[in-house]
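Heads up, the thing below is written out as structure tokens.
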Amino acid sequence: MTLGPEELKRLVGRTAADEVRDGQVVGLGTGSTAVYAIARLGQRIKEGLSIVGIPTSLATQQQAKEAGIPLATLHDYDRVDLTIDGADEVDPHLDLIKGLGGALLREKIVASVTDTLVIIVDERKIVERLGTRTPLPVEVVDFGKRQAVEALRKLGCTPALRTRPGGIPLRTDSDNVVIDCMFPSGIDDPASLEARIDLIPSVVENGLFLGMADLVLVGTPTGVTRLTRGG
Ligand code: 5RP
């Protein structure tokens with residue numbers, strides 16, 4: 001029997017949650033794949049697992065609370081043992097684009113202090129070159145969004161302010177806006193692009209997660225493939 005997209009998400013989410021060990025501080029990612037990992041962690045807690053979760057968004061915080069996961073924030077801990085999160089694209093170096101779910105800022109902060117970052121995706125998200133399947137989200141302070149759009153355009157992309165149905169700009173959990181940047185033939189040099197984006201006034205964070213993922217669990221119709229940095 002071939003697994004559909006939702007079953008693949010459930011499979012990788014569950015597999016990642018089963019990597020978690022007693023006593024760990026666990027970063028809880030955001031998105032439609034991460035929800036399965038959080039649900040499974042809730043189940044394991046009922047079976048006796050003892051962990052503390054650090055949610056990466058208000059939506060995840062709500063789900064984790066309902067699942068019975070004890071929660072903390074980065075004010076309580078210097079480091080996070082293991083984080084489970086989704087991604088929008090994964091390239092052969094395990095570099096990522098994240099942020100289509102609008103939570104890239106807190107996700108990146110948590111990832112940056114995480115010892116083992118576990119990414120869960122289905123195989124449609126595996127790309128040869130970043131930026132070929134999805135736009136690159138950039139979180140920007142609302143005050144300077146018009147100028148940020150023009151500065152991003154000069155970097156070679158087609159920028160679009162993300163809106164909610166009805167055309168109102170979407171606000172992130174930190175009350176910023178998101179500009180989605182579509183690169184016509186993908187991103188040439190992600191590290192240099194990231195450096196240039198970060199120089200734009202108003203930019204708070206970008207969705208490039210370079211050199212951060214330690215393990216990528218890929219859901220395929222025949223099971224879970226494990227990709228680790230350096231093979
Ligand atoms: C949210 C993210 C998500 O992890 C990413 O968009 C993947 O989400 P999904 O599992 O729903 O496809 O980066 O900011």
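All values below were derived from every heavy atom in this structure, side-chain atoms included, with hydrogens, water molecules and symmetry-related copies excluded. Atoms within each ligand, like the ligands themselves, are counted from 1 in listed order.
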Practice prompt. Could you find the nearest protein heavy atom to atom 6 (O) of ligand 1 and give me its residue, atom name and distance?
Written response: Asp88 OD1, 2.7 Å
Worksheet item: Can you tell if the side chain of Met212 reaches within under 4.5 Å of the side chain of Ser112, non-hydrogen atoms only?
Response: yes
Item to complete: Return a yes/no value for Glu107: is any of its N or O atoms, backbone included, closer than 3.5 angstrom to an N or O of ligand 1?
Response: yes
Worksheet item: Which ligand 1 atoms, with their elements, are less than 4.0 angstrom from a heavy-atom of Thr33?
Response: 9 (P), 10 (O)
Worksheet item: Distance-only, no hydrogens or angles: does the Glu19 side chain make a donor-acceptor pair with backbone N or O of Ala16 under 3.5 Å?
Response: no
Practice prompt. Would you mind listing which atoms of ligand 1 come within a distance below 4.0 Å of any non-hydrogen atom of Gly99?
Written response: 2 (C), 13 (O), 14 (O)
Item to complete: Could you list which atoms of ligand 1 come closer than 4.0 Å to a heavy atom of Gly86?
Response: 4 (O)
Discussion item. Can you confirm whether Met182 sits close enough to Cys157 that some side-chain heavy atom of one is under 4.5 Å from a side-chain heavy atom of the other?
Written reply: no
Item to complete: Can you figure out which of Gly102, Ser57, Gly29, Gly31 has its heavy atom closest to atom 8 (O) of ligand 1?
Response: Gly31
Worksheet item: Counting from 1, what ligand 1 atoms have a heavy atom of Asp85 closer than 4.0 Å?
Response: 4 (O)
Worksheet, complete the sentence: The protein heavy atom nearest to atom 12 (O) of ligand 1 is Lys125 NZ, 2.7 Å
Worksheet item: Given side chains that start at C-beta, do those of Val110 and Leu74 come closer than 4.5 Å, heavy atoms only?
Response: yes
Discussion item. Please determine whether a side-chain nitrogen of the Lys or Arg among Asp88 and Lys98 lies less than 4.0 Å from a carboxylate oxygen of the Asp or Glu.
Written reply: no
Practice prompt. May I ask you to check whether Ala103 has an N/O atom sitting below 3.5 Å from an N/O atom of ligand 1?
Written response: yes
Fill in: Heavy-atom side-chain contact between Leu217 and Arg226 under 4.5 Å
yes
Worksheet entry | Proximal atoms of ligand 1 relative to Leu104 (non-hydrogen, under 4.0 Å) | 14 (O)
Discussion item. I need the atoms of ligand 1 closer than 4.0 Å to a non-hydrogen atom of Thr30, numbered in the order shown.
Written reply: 1 (C), 2 (C), 3 (C), 4 (O)
Item to complete: Could you tell me whether Lys108 and Glu194 have a side-chain N and a carboxylate O separated by less than 4.0 Å?
Response: yes
Fill in: Residue pair Thr172 / Ser174, side-chain donor-acceptor N/O under 3.5 Å
no
Worksheet item: In the protein, what heavy atom is nearest to atom 9 (P) of ligand 1, and what distance, to one decimal place, separates them?
Response: Ser32 OG, 3.4 Å
